[in-house]
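Letters A, B, ... mirror the listed sequences (proteins, then strands); counts begin at 1.
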Protein chains: 2
Amino acid sequence: MGASKTEHFTEKQNQIATIAKALGHPARIAIIEYLLKVNECICGDIVNELPLAQPTVSQHLKELKNAGLIKGNIEGNAICYCIDETTFDVLKGYFSNIIAVTKNQKCC
Amino acid sequence: MGASKTEHFTEKQNQIATIAKALGHPARIAIIEYLLKVNECICGDIVNELPLAQPTVSQHLKELKNAGLIKGNIEGNAICYCIDETTFDVLKGYFSNIIAVTKNQKCC
DNA sequence: TTTTAATATAGCAATATTACGATATAGTTT
DNA sequence: AAACTATATCGTAATATTGCTATATTAAAA
């Protein structure tokens with residue numbers, strides 16, 4: 001197959017999985033970390049930073065944007081990208097809950 | 001291609017990406033949530049819970065285990081699975097830092 | 001208006017993932 | 001030992017992802 005059976009899972013489960021999936025590639029983690037370092041930048045800056053071609057970086061940016069992890073603002077002919085905190089908050093909250101619940105459990 | 005250029009990124013970046021990737025599928029999120037609900041269980045319980053065949057569930061469990069997100073203890077002929085808090089702590093810490101840094105930044 | 005700059009999209013090849021049926025493995029029960 | 005239970009592994013088909021070159025798009029600059 002290759003296709004996930006998304007329809008069998010809850011909306012929340014699919015949401016978390018989608019966000020996690022977007023972070024499931026080292027290049028996209030590197031992009032997030034670069035944005036964290038420089039606050040905001042344009043696609044070309046990332047191309048200069050990473051060992052990837054411009055279309056590849058553009059594609060990774062698209063996926064991060066679709067997942068809500070970054071925002072992009074048009075500034076002239078360039079696009080200014082930066083981290084979208086909101087979605088990271090969702091993740092943090094989700095994992096905090098897992099940890100909180102697990103703390104009270106005994107593992108086999 | 002299809003292969004990630006893992007060698008170009010830091011160990012930490014690859015580590016986070018690997019963990020996130022393991023969570024990047026709704027079935028694996030569903031497994032985590034089920035474990036959270038029942039504390040611990042065997043593979044067969046998950047097979048009864050999810051609309052997936054036994055080998056598929058087994059494969060998902062393997063990936064979660066490889067990523068360090070769950071632990072498996074042999075109990076007779078069954079294997080008792082439960083959440084491994086440690087790895088979730090790594091993620092939570094990583095995202096907390098991103099949020100903390102981003103809070104002091106101005107987005108474009 | 002032509003050129004330059006910055007991104008995005010199309011198309012493609014290589015590889016990875018997902019899911020399952022069939023089967024193997026390992027422990028338990030009878 | 002034979003049957004049963006629980007899980008893992010093999011093999012495979014369908015689909016998704018990754019990364020690139022070539023090209024399109026859009027806006028600024030000359």
**OP:** Decide side-chain contact (heavy atoms from CB on, under 4.5 Å) for A:Leu52 and B:His8; before the verdict, give the C-alpha distance in whole Å, the side-chain angles of both, and the deciding distance to 0.1 Å.
**Re:** CA-CA 10 Å; A:Leu52 294 170; B:His8 294 306; over 6 Å; no
Original post:
Looking across every strand, which nucleic acid part, if any, lies under 4.0 Å from A:Leu52 by heavy atom: base, sugar-phosphate, or nothing?
Top reply: sugar-phosphate
**OP:** For A:Leu64 and D:dT18, give me the distance from atom CG to atom P, rounded to whole Å.
**Re:** 11 Å
Original post:
Separation of A:Lys62 atom NZ from C:dT9 atom C1', in whole Å?
Top reply: 7 Å
Original post:
So which pairs with a foot in residues 74-91 of chain A pass side chain to side chain donor-acceptor pair (under 3.5 Å), sequence neighbours left out?
Top reply: A:Asp84-A:Thr86, A:Glu85-B:Lys103
**OP:** Would you check if B:Cys41 and B:Leu35 make a side-chain contact, meaning some heavy-atom pair closer than 4.5 Å?
**Re:** yes
Subject >> Rounded distance (Å) that lies between atom P of D:dT18 and atom CD of B:Glu7 >> reply: 15 Å
Subject >> B/S/- contact track for nucleotides 23-30 of chain D, protein heavy atom under 4.0 Å >> reply: ----BS--
Subject >> Spacing between A:Glu63 atom CD and D:dA16 atom P, to the nearest angstrom >> reply: 13 Å
Original post:
Starting at CG of B:Leu23 and ending at C1' of C:dT17, how long is that distance when rounded to a whole Å?
Top reply: 16 Å
**OP:** Tell me whether the OP1 or OP2 atom of D:dA6 has a side-chain N or O from B:Tyr81 closer than 4.0 Å.
**Re:** no
Subject >> Selection from C:dT18, C:dT15, D:dT18 that lies nearest to any side-chain heavy atom of A:Arg28 >> reply: D:dT18
Original post:
Out of C:dA8, D:dT7, C:dT18, which nucleotide sits closest to the side chain of A:Cys43?
Top reply: C:dA8
Subject >> Among D:dT18, C:dA8, C:dT18, the nucleotide that comes nearest once only the side chain of A:Ile79 is considered >> reply: C:dA8
Subject >> Between C1' of D:dC4 and CD1 of B:Ile42, the distance in whole Å >> reply: 14 Å
Original post:
B:Leu50 CG to C:dT18 P: how many Å, rounded?
Top reply: 14 Å
**OP:** Would you list the pairs meeting salt bridge (Lys or Arg N to Asp or Glu O under 4.0 Å) in which at least one residue belongs to residues 43-59 of chain A, sequence neighbours left out?
**Re:** A:Lys37-A:Glu49
Original post:
According to the interplanar angle, ranging from 0 to 90°, do the rings of B:His60 and B:His25 count as parallel (below 30°), tilted (30 to 60°) or perpendicular (above 60°)?
Top reply: tilted
Subject >> Closest contact, heavy atoms only, A:Val57 versus A:Cys43 >> reply: CG1-SG, 4.1 Å
Subject >> Contact under 4.0 Å: A:His60 side-chain N or O vs D:dT17 OP1/OP2 >> reply: no
**OP:** Report yes or no: do A:Tyr94 and B:Glu33 form a side-chain donor-acceptor pair below 3.5 Å?
**Re:** yes
**OP:** Measure from CD on A:Gln59 to P on D:dG19 and round the result to the nearest Å.
**Re:** 8 Å
**OP:** Return the 5'-most residue of the pair B:Thr56, A:Asp45 with respect to DNA chain C, ranking by each residue's nearest nucleotide.
**Re:** A:Asp45
**OP:** Output yes when at least one side-chain N/O atom of A:Lys21 is less than 4.0 Å from OP1 or OP2 of D:dA16, else no.
**Re:** no
Subject >> B:Ser58 vs D:dA8: side-chain N/O to OP1/OP2 distance below 4.0 Å >> reply: yes
